[in-house]
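Notes to accompany the following structure.
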Amino acid sequence: MLRFHNTLSGRLEPFTPLHPPRVNMYSCGPTVHDYAHIGNFRTFVFMDILQRTLRARGYDLQYIMNITDIDDKTIAKSAAAGVSLADYTEKYTAAFFEDFDTLRIQRPDVICKATEHIPEMTRLVQILLDRGLAYVSDGSVYFKIAAFPEYGKLSKKDFDGLRSGARVDVDEYDKENARDFVLWKGKKEGEPHWETTFGDGRPGWHLECSAMSMAYGGQTLDIHCGGADLVFPHHENEIAQSEGATGETFVRFWLHSEYLIVNGEKMSKSTGNFYTLRDLTDKGHNPVAIRYLLMSTHYRKQLNFTEEGVRQAQAALDRIHEFVDNLGRRKLPAGDHRDMTDLCDAAARRFDEALDDDLNTAAAQAALFDFIRDVNRRLDAGEVGETDRARVMAFIGKMDAVFDILPAADDAAAEADADIAALVKQREEARRTKNWAEADRIRDELAARGVILKDTPEGTVWKKN
RNA sequence: GGCGGCGUACCCAAGUGGCUAAGGGAGAGGUCUGCAAAACCUCGAUUCAGCGGUUCGAGUCCGCUCGCCGCCUCCA
């Protein structure tokens, strides 16, 4: 039984979609004004585990993600760079999905850009105006929080005091209440704008997620997720806009991932602890190790990202890879063992139960390592047959459908260096004739090239360091 | 000030009242090996920030103290 922590209730709840097996899931994507950083990817890896788990459980998932390609930052930066907004955001949108590939994050089924959904947004604004939940002021349209009593239910904030009391100074816009948020920003000189019946301008940030998520996922979404920092005000505002317009529950399950911090403090460019994925891969870190590290802490707990952590993750990853390689090249007798069948079944069950429990990836990793140790023990004892191997690999395949941490087939091919293979063969011949001096010479030569040799009962295998 | 979270071995990290506190890294032994390396196996917390309390029983619940962090403004 799959269950998730719902931010709305603050509790773990059994997950059931509104219309099984269909699941509509929306997550807040990037504002494409720069390269995404490692903190962003913590959240996107979490979403990746979420979508893969849902698919592994047989759900017919439609995963929707937006691209914010118009906002203050994108407008300002594109202008500063002297390129069009579209050209500017296209560059960083492409970079964003390149990073997805690098981290093996599966792409959403629907990727929607704000600028391509202006009609959906203006329709939503008009409905809110018609229903008295929004008002025009000084050319812009604002959502009237006082008209939506449930405002604050997601972030557990009480705005009663603020509504009647102190009014914060509002310099630029004329709002009835300081907490009212902008739906539609009035036209400004030099900024992109669209014509509407309630005034020319451009959408406010919160609007796009309500409009696009409902356009693709319907009035009531099964899951909406994002980083914890979006709970307020972004998601709170989405609820107000959406439920205000439809009168229906907007989202049934809200899932939020906690912050990633770096070296114990919040990532910021000024303190020099700000990493993009590219910074880390340039330093030689394996992106799959980064992926592994990002899923080794539960998503609702802060993760302190360090390069030492990446190294530890790489070591853990190596152990898994080693296990699969070793199992693959062993010569095994035909047949199977009852004990091995039970072992595989139990591992698969434990792995699934861990993920079912609010995506407990750390516990799922532990299940994997326990399994690896148990199989290694039996391998040493000669208690693993060909059929057992197939069962082990079947579980490994199931695991990797969610974790996606095993080497891709073409990775292995890329490593197949004929020159190295020839030297390894020469050394094996030297060893066969007990020409130890020559064998050691070749070993040293390869070591100098970063190649590590492993003399196994099945022959010598090698890998690049 | 309001809301929320965290503090488990040298490091990372599970644990959502009840058999001997998962797992990974590092470390220490051992097996294999021509020697190595790699790999594999084994061993590592009478103890869960501290102090009280509830309970037959608490790392797990309650209270207080100390330390750390997030949100309350754009932010994954």
Side-chain angles (χ1 to χ4, degrees), chain A residues 3 5 7 10-12 27-31 33 36-47 68 71-73 152 155-159 161-162 168 178-179 181 205 225-234 236 256-261 264-268 292-293 296-306 308-320 322-323 325-326 350 354 357-358 360-373 375-377 379-381 430-431 434-437 439-440 443-444 446-447 452-457 460-463 465:
Chain A
R3 53 185 194 154
H5 176 90
T7 307
R11 295 205 189 89
L12 287 176
S27 51
C28 290
T31 299
H33 68 92
H37 56 67
I38 194 67
N40 297 123
F41 288 117
R42 197 249 170 129
T43 295
F44 294 117
V45 167
F46 146 66
M47 293 168 181
T68 301
D71 80 319
D72 294 349
K73 282 179 188 163
S155 53
K156 316 280 185 280
K157 293 184 191 303
D158 180 7
F159 295 102
L162 288 160
V168 180
R179 292 284 174 179
F181 59 91
W205 172 44
C225 48
D229 51 319
L230 296 185
V231 173
F232 187 87
H234 186 54
E236 199 70 72
H256 293 97
S257 59
E258 251 305 335
Y259 244 80
L260 173 145
I261 56 179
E265 54 186 21
K266 190 168 173 174
M267 194 162 40
S268 74
Y292 185 90
L293 175 62
S296 55
T297 301
H298 185 87
Y299 76 91
R300 280 190 291 113
K301 198 174 165 188
Q302 277 185 358
L303 185 151
N304 183 23
F305 186 91
T306 62
E308 172 59 20
V310 181
R311 279 187 283 275
Q312 293 190 2
Q314 181 68 60
L317 207 53
D318 287 346
R319 184 165 153 78
I320 298 167
E322 185 63 38
F323 171 77
D325 285 350
N326 176 255
R350 213 180 127 195
D357 184 16
D358 197 29
N360 193 337
T361 43
Q365 287 175 345
L368 174 60
F369 280 107
D370 274 338
F371 177 71
I372 287 173
R373 190 193 58 240
V375 174
N376 276 332
R377 262 201 293 246
L379 231 29
D380 286 352
R431 291 183 71 217
K434 299 198 191 303
N435 185 352
W436 307 127
D440 291 350
R443 183 167 67 197
D444 291 345
L446 287 170
I452 296 172
L453 298 180
K454 292 184 270 192
D455 294 332
T456 76
T460 300
V461 295
W462 58 273
K463 68 173 180 181
N465 194 5

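Letters A, B, ... mirror the listed sequences (proteins, then strands); counts begin at 1.
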For the base of B/A76 and the side-chain ring of A/F41, does the geometry meet a stacking cutoff of under 5.5 Å between centres and under 30° between planes? no
For A/D71, which contact category applies under a 4.0 Å heavy-atom criterion: base, sugar-phosphate, or nothing? nothing
Return the value, rounded to whole Å, for the distance between atom CD of A/E236 and atom C1' of B/U73. 15 Å
Sorted by chain and number, sequence neighbours left out, side chain to side chain contact (heavy atoms under 4.5 Å, CB included) with A/F232 holds for A/Y151, A/S155, A/K157, A/F159, A/R179, A/E236
For A/L12, report the nucleic acid contact type (base, sugar-phosphate, nothing); a contact means any heavy atom under 4.0 Å. base
Mind checking salt bridge (Lys or Arg N to Asp or Glu O under 4.0 Å) for A/K454 and listing every partner two or more places apart, or none if nothing turns up? A/E322
Tell me what A/R11 touches on the nucleic acid: a base, only sugar-phosphate, or nothing, going by heavy atoms under 4.0 Å. nothing
Looking at residues at least two apart in the chain, or sitting in another chain, which of them share a side chain to side chain contact (heavy atoms under 4.5 Å, CB included) with A/R42? A/E258, A/L260, A/L294, A/T297, A/L303
Strictly under 4.0 angstrom, non-hydrogen atoms only: write out the protein contact profile of nucleotides 2-15 of chain B, one letter per nucleotide from the 5' end, B, S or -. B---SS---BSSSS
Taking only residues two or more places apart in sequence, or in another chain, which ones meet A/I261 in a side chain to side chain contact (heavy atoms under 4.5 Å, CB included)? A/Q302, A/N304
Taking only side-chain nitrogens and oxygens of A/K266, does any of them come within less than 4.0 Å of OP1 or OP2 of B/C71? yes
Please classify B/G44 as syn or anti, treating any glycosidic angle within 90° of 0 as syn. syn
Using heavy-atom distances to pick each residue's nearest nucleotide on RNA chain B, tell me which of A/R431 and A/R311 is more 5'. A/R311
A/D358: salt bridge (Lys or Arg N to Asp or Glu O under 4.0 Å) partners, not counting sequence neighbours: A/R300
Identify whether any heavy atom of A/Y259 sits under 4.0 Å from a base atom; if not, whether one sits that close to sugar-phosphate; answer base, sugar-phosphate or nothing. base
Contact string for nucleotides 37-44 of chain B, one letter per nucleotide 5' to 3', B = base within protein heavy-atom range under 4.0 Å, S = sugar-phosphate only, - = neither, reads BSSSSS--
Salt bridge (Lys or Arg N to Asp or Glu O under 4.0 Å) partners for A/D229, two or more places apart: none
Those residues at least two apart in sequence (or on a different chain) that pass side chain to side chain contact (heavy atoms under 4.5 Å, CB included) with A/A364 are A/F351, A/A354, A/L355, A/F403
Checking all strands, does A/A366 fall into the base, sugar-phosphate, or nothing category for heavy-atom contacts under 4.0 angstrom? base
note: A/F44, atom CZ; B/A76, atom C1'; distance rounded to Å ~ 6 Å
Rounded distance in Å - NZ (A/K73) to C1' (B/U73): 12 Å
